[in-house]
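Structure first, then comments.
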Amino acid sequence: MFDSFDRRINYLRISVTDRCNLRCEYCMPADGIELIPRARILKFIEIAEITRIAVDMGVTKVRITGGEPLVRRRIVELVKTIANMDGIEDFGMTTNAIALPQFAQPLFDAGLHRLNISLDTVDPQRYRELTRCGELADAVAGIDAAVAAGFESIKLNCVIEESSDESDARGVAAFGAERGLPVRFIRKMNLATGEFWQVEGGEGGKCSTCNRLRLSSDGKLYPCLFSDLCYDVRELGIEKAIHRALDGKPQSGHRATREFNTLGG
Ligand code: SAM
């Protein structure tokens, strides 16, 4: 499928929850965000139907994100359902790795191909400060479990202030190099002003080649992470919402959406 600027749209990112087990200082307020009532969160059967229709319309790449996708109960079941859909060539997840010691092998066995793992520092004290409640050792154990499980690709996402030459970023680069894991550096966006940058070493933020649609955990399709435009799948119906999102996808983003913490990744 193509948008109105002739970009081929073949990538669906699905946020399965707005909940998270960390409180990264650049992403969420210390006391969390106002949560979507559970009754409004898409059920697995709805996510599967939306994904199936999107794949029939031309999506070949799917990524699961959040919030933190591994805090969604029975996430492995959803991964298995999506992995079994014909037409998906590339199936990934973005996670903070904290729960990967438990989930890496079941996710791999369920058919997930790739993992992007967020890691902003390898200093335990800095990790505690940045995430407000996380332990670096848990994330590292999760990364090691992912490597042991045998994923096709594991990339590290590292948020930087301005440059990949900062000391936290250099530490993550060295950690990645030791394990043979590529690192992408994401410049910290200001969620108050919406200012955003392209991802160093990745595709994020390159509007001219953007191939993505995003589904929020309460069923809204966002054609662009840097715009608040969205189309409600439950109100419009799945196909109409997809068509509206294609038609409405802006040529370029202008400010990071307020929903970034529940939709990004
Ligand atoms: N919980 C998962 C994780 O940590 O990877 C997925 C969701 S998280 C919102 C997705 C990505 O967004 C992470 O890589 C995180 O670092 C990034 N992110 C969140 N807030 C950001 C900000 N203000 N600027 C840049 N990246 C941000």
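Atoms within each ligand, like the ligands themselves, are counted from 1 in listed order. Nothing here was measured: the structure is a model prediction, and the numbers come from that model.
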Less than 4.5 Å apart, side chain to side chain, heavy atoms only: is that true for L70 and I98?
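They are not in side-chain contact.
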Looking only at protein heavy atoms, which one is nearest to [atom], and how far off is it?
{"atom": "atom 24 (N) of ligand 1", "value": "M189 N, 2.8 Å"}
{"atom": "atom 10 (C) of ligand 1", "value": "G265 CA, 3.4 Å"}
{"atom": "atom 5 (O) of ligand 1", "value": "S118 OG, 2.5 Å"}
{"atom": "atom 20 (N) of ligand 1", "value": "Y26 CD1, 3.3 Å"}
{"atom": "atom 8 (S) of ligand 1", "value": "G264 O, 4.4 Å"}
{"atom": "atom 18 (N) of ligand 1", "value": "F260 CE2, 3.4 Å"}

Just by distance, with hydrogens left out, do [X] and [Y] show a side-chain donor and acceptor under 3.5 Å apart?
{"X": "R255", "Y": "S227", "result": "no"}
{"X": "N96", "Y": "E68", "result": "yes"}
{"X": "D168", "Y": "T121", "result": "yes"}

Counting each atom of ligand 1 from 1 as listed, which ones have a heavy atom of [X] under 4.0 Å away?
{"X": "K188", "answer": "24 (N), 25 (C)"}
{"X": "C27", "answer": "19 (C), 20 (N)"}
{"X": "T65", "answer": "6 (C), 7 (C)"}
{"X": "R187", "answer": "25 (C)"}
{"X": "N261", "answer": "9 (C)"}
{"X": "T94", "answer": "2 (C), 5 (O), 6 (C)"}
{"X": "V159", "answer": "16 (O), 26 (N)"}

Rounded at 0.5 Å granularity, tell me how far [atom1] in [X] sits from [atom2] in [Y].
{"X": "T51", "Y": "M85", "atom1": "OG1", "atom2": "CE", "result": "5.0 Å"}
{"X": "R13", "Y": "S216", "atom1": "CZ", "atom2": "OG", "result": "15.0 Å"}
{"X": "I75", "Y": "L107", "atom1": "CD1", "atom2": "CG", "result": "7.5 Å"}
{"X": "C230", "Y": "R214", "atom1": "SG", "atom2": "CZ", "result": "13.5 Å"}

Is there at least one pair of N or O atoms, one from [X] and one from ligand 1, spaced under 3.5 Å apart?
{"X": "N116", "result": "no"}
{"X": "D120", "result": "no"}
{"X": "I186", "result": "no"}

Under a heavy-atom criterion of less than 4.0 Å, does G67 contact ligand 1?
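In this structure, G67 qualifies as a contact of ligand 1 - some heavy atom is under 4.0 Å.
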Does K188 make a cation-pi contact with Y26 (under 6.0 Å, within 45 degrees of the axis)?
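Geometry flag: not set, cation outside 6.0 Å or 45°.
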Lys NZ or Arg CZ of R179 over F175 ring: under 6.0 Å, within 45°
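Yes, R179 and F175 form such a contact.
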What part of T95, side chain from CB on, backbone N/CA/C/O, both or neither, has a heavy atom under 4.0 Å from ligand 1?
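The part of T95 near ligand 1 is the backbone, not the side chain.
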Same apolar cluster (I L V M F W Y, side chains within < 4.5 Å links), Y127/I186
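Hydrophobic grouping puts Y127 apart from I186.
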